[in-house]
Amino acid sequence: MKPKIYGIKNCNTMKKTFQLFEKENTGYEFIDYKKQAPNESLLRKFINQLGLDIVINKKGMTYRKLEEEDKKATGFIDTAIPVLIEKSSMIKRPIIEFGDGGNVAGLDEEKLIMRIKENA
């Protein structure tokens, strides 16, 4: 099974991720949040595996522009999910789902290369 890469196509981190997979000659399936919004089930899976603090990109502009009430809502899974569905730009990029069920968030090249080789 090809790894699934979730994110937003225009993002520089995503472009670097695609280049890394191409350099490693590894096929992947790309899921663009702008074309296919994440649903509650997918977000719960990511949060359960990675943790809420990792799934939410608090360093990004989308988070920083949130109203205080929405920022508070991101502190709890049940209230964070609707915010993440509405503002998918706030989800850490990339999130990569490997066939063994292990997910990786962010662009850590060494970690990604290791996971790519483990799943080859």
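Since we're looking at a predicted model, the values are computed, not measured. Below, each value reflects all heavy atoms present in this structure, side chains not excepted, and no hydrogens, waters or symmetry copies.
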K.L.:
Would you please name every residue forming a salt bridge (Lys or Arg N to Asp or Glu O under 4.0 Å) with K2, sequence neighbours left out?
P.N.:
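In terms of salt bridge (Lys or Arg N to Asp or Glu O under 4.0 Å), with neighbours along the sequence ignored, K2 is linked to no residue.
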K.L.:
When rounded to the nearest 0.5 angstrom, what distance separates CG in N103 from NZ in K92?
P.N.:
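Separation between the atoms: 14.0 Å.
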K.L.:
Would you mind listing the cluster partners of M114? Hydrophobic ones only (ILVMFWY), side-chain contacts under 4.5 Å, chaining allowed.
P.N.:
none
K.L.:
Enumerate donor-acceptor pairs with a distance under 3.5 Å from any side-chain N or O in residues 11-28 to protein atoms, sequence neighbours excluded.
P.N.:
| residue | atom | partner | partner atom | Å |
| --- | --- | --- | --- | --- |
| T17 | OG1 | T13 | O | 2.8 |
| E22 | OE2 | Y28 | OH | 3.3 |
| T26 | OG1 | E24 | O | 3.2 |

K.L.:
Looking at L66, is its backbone amide N or carbonyl O close enough to the side chain of D70 to form a donor-acceptor pair, meaning the two atoms are under 3.5 Å apart?
P.N.:
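Checked: no pair found.
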K.L.:
Check step by step if side chain to side chain contact (heavy atoms under 4.5 Å, CB included) holds for V83 and M90.
P.N.:
CA-CA 9 Å; V83 177; M90 201 167 63; 3.5 Å; yes
K.L.:
Do E69 and K72 sit within salt-bridge range, that is, some charged N less than 4.0 Å from a carboxylate O?
P.N.:
no
K.L.:
Which atom pairs, one a donor and one an acceptor, fall under 3.5 Å between side chains of residues 29-47 and the rest of the protein, sequence neighbours left out?
P.N.:
| residue | atom | partner | partner atom | Å |
| --- | --- | --- | --- | --- |
| D32 | OD1 | K34 | N | 2.9 |
| K34 | NZ | S89 | OG | 2.9 |
| N39 | OD1 | S41 | N | 3.2 |
| N39 | OD1 | L42 | N | 2.8 |
| E40 | OE2 | R44 | NE | 2.9 |
| E40 | OE2 | R44 | NH2 | 3.1 |
| R44 | NH1 | D78 | OD1 | 3.3 |
| R44 | NH2 | D78 | OD1 | 2.6 |
| K45 | NZ | E97 | OE2 | 2.4 |

K.L.:
Anything under 3.5 Å between a donor and an acceptor, one on a side chain of residues 50-63, the other on a protein residue two or more places apart or in another chain? List them.
P.N.:
| residue | atom | partner | partner atom | Å |
| --- | --- | --- | --- | --- |
| N57 | OD1 | K59 | N | 3.1 |
| N57 | OD1 | G60 | N | 3.4 |

K.L.:
When you measure from the side chain of T79 to the backbone of F76, do you find a donor-acceptor pair of N or O atoms at a distance under 3.5 Å?
P.N.:
yes
K.L.:
Please step through side chain to side chain contact (heavy atoms under 4.5 Å, CB included) for the pair V104 and L112, ending with a clear verdict.
P.N.:
CA-CA 8 Å; V104 174; L112 277 177; 3.8 Å; yes
K.L.:
Just jot down the side-chain contact (heavy atoms from CB on, under 4.5 Å) partners of M1, sequence neighbours excluded, or say none.
P.N.:
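Testing M1 for side-chain contact (heavy atoms from CB on, under 4.5 Å), a comparison that skips the adjacent residues, returns none.
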K.L.:
Let me check something: do I96 and Y6 share a hydrophobic cluster, defined by ILVMFWY side-chain heavy atoms less than 4.5 Å apart, either directly or through other members?
P.N.:
no
